[in-house]
There are 2 protein chains.
Amino acid sequence: MTDMLQRKPVSQVANSDCFTEESLTKLKEIMYEMRAEAGNHLFWEGDTADKLYFLKRGQVKITKASDEGKSFILYVYNTGDLFGQVDPFQNSVHSFNAEVTENSIIGVIQQKDLEVLLWQHGDLAVEFMKWMGLMHRMTQTKFRDLMMFGKPGALCSTLIRLCNTYGKNHGSEIVITKKLTNSELADMIGATRESVNRMLGDLKRANIIAMENNYIVVKDLPYLRDICQCENCPVDMCRI
Amino acid sequence: MTDMLQRKPVSQVANSDCFTEESLTKLKEIMYEMRAEAGNHLFWEGDTADKLYFLKRGQVKITKASDEGKSFILYVYNTGDLFGQVDPFQNSVHSFNAEVTENSIIGVIQQKDLEVLLWQHGDLAVEFMKWMGLMHRMTQTKFRDLMMFGKPGALCSTLIRLCNTYGKNHGSEIVITKKLTNSELADMIGATRESVNRMLGDLKRANIIAMENNYIVVKDLPYLRDICQCENCPVDMCRI
DNA sequence: AAGGAAGTGTGATGTAAATCACATCACAAA
DNA sequence: TTTGTGATGTGATTTACATCACACTTCCTT
C-alpha cells in the first residue's frame with residue numbers, strides 16, 4: 001500500500017455549500033439536535049414529511065424498497081448535507097426510507113419553522129431555492145443516467161459520482177476511499193450483484209479500473225465519462 | 001360518438017395552483033410575453049438555464065434525446081403550468097430540450113428578476129419553495145414508476161397520469177380526451193412503439209381499457225393502480 | 001488454528017423487451 | 001379512384017439482464 005490515501009479528497013463538498021455562512025447559522029438556530037445510531041431509520045415510506053435534516057456528522061441513505069425484498073439506494077448523504085422533503089400538501093408523506101448507515105448527529109428543522117425563516121430573510125430564501133434546484137437536478141441527472149445508458153452506463157456514472165464524492169487523486173488515478181461491496185453498488189443502480197461483478201470484471205480487464213487493497217481505483221476516467229455521456233456537469237453536481 | 005366529451009375533466013389543475021392569486025400576479029408582473037409556434041424549441045440541451053417559463057396557453061414537452069435518434073419525453077406542460085430550471089451555478093445549462101408542441105403564449109421570467117422578487121416577498125418565497133418541492137416530487141415519482149415496475153408498470157402509471165391530466169368521467173369509465181399515438185406513449189416510458197402496442201393489446205384483451213373513436217377509455221382504473229402500486233398520491237401530483 | 005459468515009467469481013438458463021421485417025389499415029391529397 | 005403516408009398489429013430473432021446454482025476467497029471469531 002502506498003501513500004495514496006493520505007492525499008486530499010478531490011472534493012470535500014456538501015450540498016449545504018449552497019448557503020452562506022450566515023444563512024447556515026440561521027438555519028442551525030432553528031434546528032434541534034438528535035443522535036441516530038447506524039441501522040436506525042430517520043423516517044419510513046408513508047411517514048409524514050414535514051422536516052428537513054442537516055447531517056452534522058454521519059451518513060444517511062435514502063432508499064426505496066421494491067416489491068419483494070431488495071432495496072434501491074437513491075441518495076447517500078454525508079457530513080454537511082441537508083436533505084428532506086418540502087411539499088405543498090399539508091398531509092404529505094415520504095415516498096422513500098431514510099436509513100442511518102453510520103452513527104450520526106442530525107439537526108432537525110420543522111417545515112413550519114423553516115417557512116417563518118424564509119419569510120423573514122430574503123437572501124436565505126434565494127439560497128434555499130438554489131439548494132432545492134440542485135437537489136432536483138441531481139435527481140434528474142441520476143434518472144437520465146439510469147434510464148438512457150443501460151446498466152453499464154449507470155455503473156460508470158456511479159463510479160464517476162463516487163470519484164467526485166470520495167475520490168483522492170494519485171497522479172492520474174483516482175482512489176475511491178470508501179469500501180463498497182458489489183451488492184451495495186448493485187443497489188445503487190438497480191442491478192444484481194452478479195451483473196455488477198461481471199461489469200466490474202470487464203472494466204478491470206479493459207484496464208479502466210483496478211482494485212488496490214479492496215478500494216476501487218479509477219485509471220481511465222475519460223472512458224467512464226464517455227460511456228455515460230458525462231460532459232458538462234460541475235463536480236458539485238454529479239455526486240452520489 | 002356519445003356526449004362523453006362534453007363532460008368536465010377530472011382535473012383542470014395546473015402546477016401554478018401552488019401560488020395564491022396575489023403571488024401569481026406578482027410573478028406575472030416580472031414576465032415578458034412571447035409567442036412560440038408548434039415545432040419550435042424554447043431551449044436546447046446545453047443552452048444557458050437562467051429563465052422560468054409560465055405557459056399562458058399552449059403545450060410544451062421537455063425531452064431528452066438519446067444517443068441515436070429517439071427522444072424520451074420527461075414532462076408535458078399545459079396551460080397554466082410553470083416550468084424551468086433554477087440552479088445555484090452561474091453558468092448552469094439545460095440538460096433537456098423544451099419543444100413547443102402547440103402554438104403557445106409564454107411568460108418568461110429572468111432568474112435575476114425572480115430572485116429580487118423572492119427576496120422582497122416572504123410569502124411568495126414560501127409558495128415558490130412549495131412549487132419547487134412539487135416539481136421535484138413529480139420527478140421522483142416518475143423515476144420510481146419507470147424503474148421499479150418494468151415497462152407495463154410504467155405504461156399503467158402513464159395511463160393514470162393521463163387520466164388525471166386529460167381524463168373526463170363517463171360513469172365509471174374515464175375517457176382520455178387527448179389523442180396519443182403508440183409512439184408518443186412509447187417515448188413517455190422509454191419503450192418501443194411495438195412494446196407499447198403489445199401491452200395496450202393485452203390491456204384491451206383483459207378489458208382494462210378500450211378504444212373509442214381513437215381515444216383511450218380506461219374501464220378499470222383500480223387494475224392500473226394495482227400494477228404500479230399507485231395508492232396514496234394526490235391527484236395534483238400524479239400528472240404527466 | 002478451525003469454522004463460519006460475508007463477499008466474490010462464473011457458468012447455465014430463463015425472460016422481458018428491443019430489434020427487424022412485414023402486412024395491414026385509415027385517410028388525405030392528387 | 002388511385003396513391004402516398006402515417007399509424008397499427010404481429011410474428012421471428014436477438015440482446016441485455018436477472019435468476020439459479022455453486023465453488024472459491026477473505027477475514028473474523030472464540
Side-chain angles (χ1 to χ4, degrees), chain A residues 1 38-39 65-73 101 145-159 176 178-206 208-217 227-228, chain B residues 1 38-39 65-73 101 145-159 176 178-206 208-217 227-228:
Chain A
M1 194 55 182
S66 90
D67 230 7
E68 245 7 285
K70 45 174 104 176
S71 82
F72 182 71
I73 301 173
T101 45
D145 290 344
L146 300 191
M147 292 293 296
M148 310 281 288
F149 310 114
K151 301 296 166 181
L155 180 60
C156 291
S157 151
T158 301
L159 288 172
I176 296 173
K178 171 130 184 96
K179 296 219 167 149
L180 292 152
T181 65
N182 291 353
S183 306
E184 272 178 295
L185 282 171
D187 288 346
M188 289 186 199
I189 64 173
T192 59
R193 179 191 70 74
E194 293 94 323
S195 295
V196 167
N197 187 280
R198 284 184 245 259
M199 288 189 285
L200 287 178
D202 291 344
L203 291 174
K204 281 177 209 160
R205 249 164 272 128
I208 312 300
I209 63 168
M211 297 303 295
E212 279 181 30
N213 254 48
N214 289 321
Y215 290 97
I216 298 174
V217 181
I227 293 292
C228 62
Chain B
M1 194 58 183
S66 91
D67 230 6
E68 245 9 282
K70 45 174 106 174
S71 82
F72 181 71
I73 301 173
T101 44
D145 290 344
L146 300 193
M147 292 294 296
M148 311 283 289
F149 309 114
K151 300 296 167 182
L155 180 61
C156 291
S157 151
T158 300
L159 288 172
I176 296 173
K178 172 130 183 93
K179 296 219 168 149
L180 293 151
T181 66
N182 291 351
S183 306
E184 271 179 296
L185 282 171
D187 288 346
M188 289 187 199
I189 65 173
T192 59
R193 178 191 71 74
E194 294 94 323
S195 296
V196 167
N197 186 280
R198 285 183 244 261
M199 288 188 286
L200 286 177
D202 292 345
L203 291 174
K204 280 175 210 161
R205 249 164 272 127
I208 311 299
I209 64 169
M211 297 303 296
E212 280 181 29
N213 253 48
N214 288 322
Y215 290 98
I216 297 174
V217 181
I227 293 291
C228 62

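Quick note on labels: first sequence line is chain A, next is B, and so on, each numbered from 1.
Shown here for Lys179(A) and Glu184(A), the closest heavy-atom pair between the two residues is O-OE1, 3.9 Å. Asp145(A) and Ser157(A) get closest at one heavy-atom pair: OD2-OG, 2.6 Å. Between Phe72(B) and Met148(A), the shortest heavy-atom contact is CB-SD, 4.4 Å. For the pair Gly153(A) and Cys228(A), the tightest heavy-atom approach, listed with the atom from each and the gap, is O-CB, 3.6 Å. When all heavy atoms of Arg193(B) and Ser183(B) are compared, the pair lying nearest together is CD-OG, 3.6 Å. Nearest approach of Lys151(A) to Ala191(A), heavy atoms of both residues: CD-CB, 3.9 Å.
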For DNA chain D, the expected dot-bracket line (Watson-Crick or G-U under 3.5 Å, [ ] crossing, | inter-strand) is ||||||||||||||||||||||||||||||

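When the P atom of dA16(C) is taken as reference, atom CE of Met147(B) falls 18 Å away, rounded to whole Å. We find that CG of Leu185(A) is positioned 12 Å from P of dG9(C), with the value rounded to whole Å. Leu200(A) has its CG atom 12 Å from the P atom of dT10(C), to the nearest Å. The CD atom of Glu184(A) sits 14 Å away from the P atom of dA6(C) (whole-angstrom rounding). Straight-line distance from the CE atom of Met211(A) to the P atom of dT25(D): 17 Å, rounded to whole Å. Spacing between atom CD1 of Ile189(B) and atom P of dA16(C) amounts to 16 Å, rounded to whole angstrom units.
Looking at Leu180(B), Thr181(B), Ile189(B) one by one, the single match for side-chain contact (heavy atoms from CB on, under 4.5 Å) with Val196(B) turns out to be Ile189(B).
Look at Asn214(B) and you won't find any side-chain N or O under 4.0 angstrom from OP1 or OP2 of dA26(C). At the phosphate of dT8(D), OP1 or OP2 sits under 4.0 Å from a side-chain N or O atom of Asn182(B).
Checked by atom type and distance alone, the side chain of Thr158(B) pairs as donor or acceptor with a backbone atom of Ala154(B) at under 3.5 Å.
Across all strands shown, Asn197(B) has heavy atoms under 4.0 Å from base atoms, whether or not it also approaches the sugar-phosphate. Residue contacts shown for Lys179(A) are absent, as no nucleic acid heavy atom lies under 4.0 Å away.
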Base versus backbone protein contacts along nucleotides 17-24 of chain D [heavy-atom cut-off under 4.0 Å; B, S, -]
SSBB----

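Of the inter-residue distances, the one linking Glu212(A) atom CD with Ile176(A) atom CD1 reads 12.0 Å to the nearest 0.5 angstrom.
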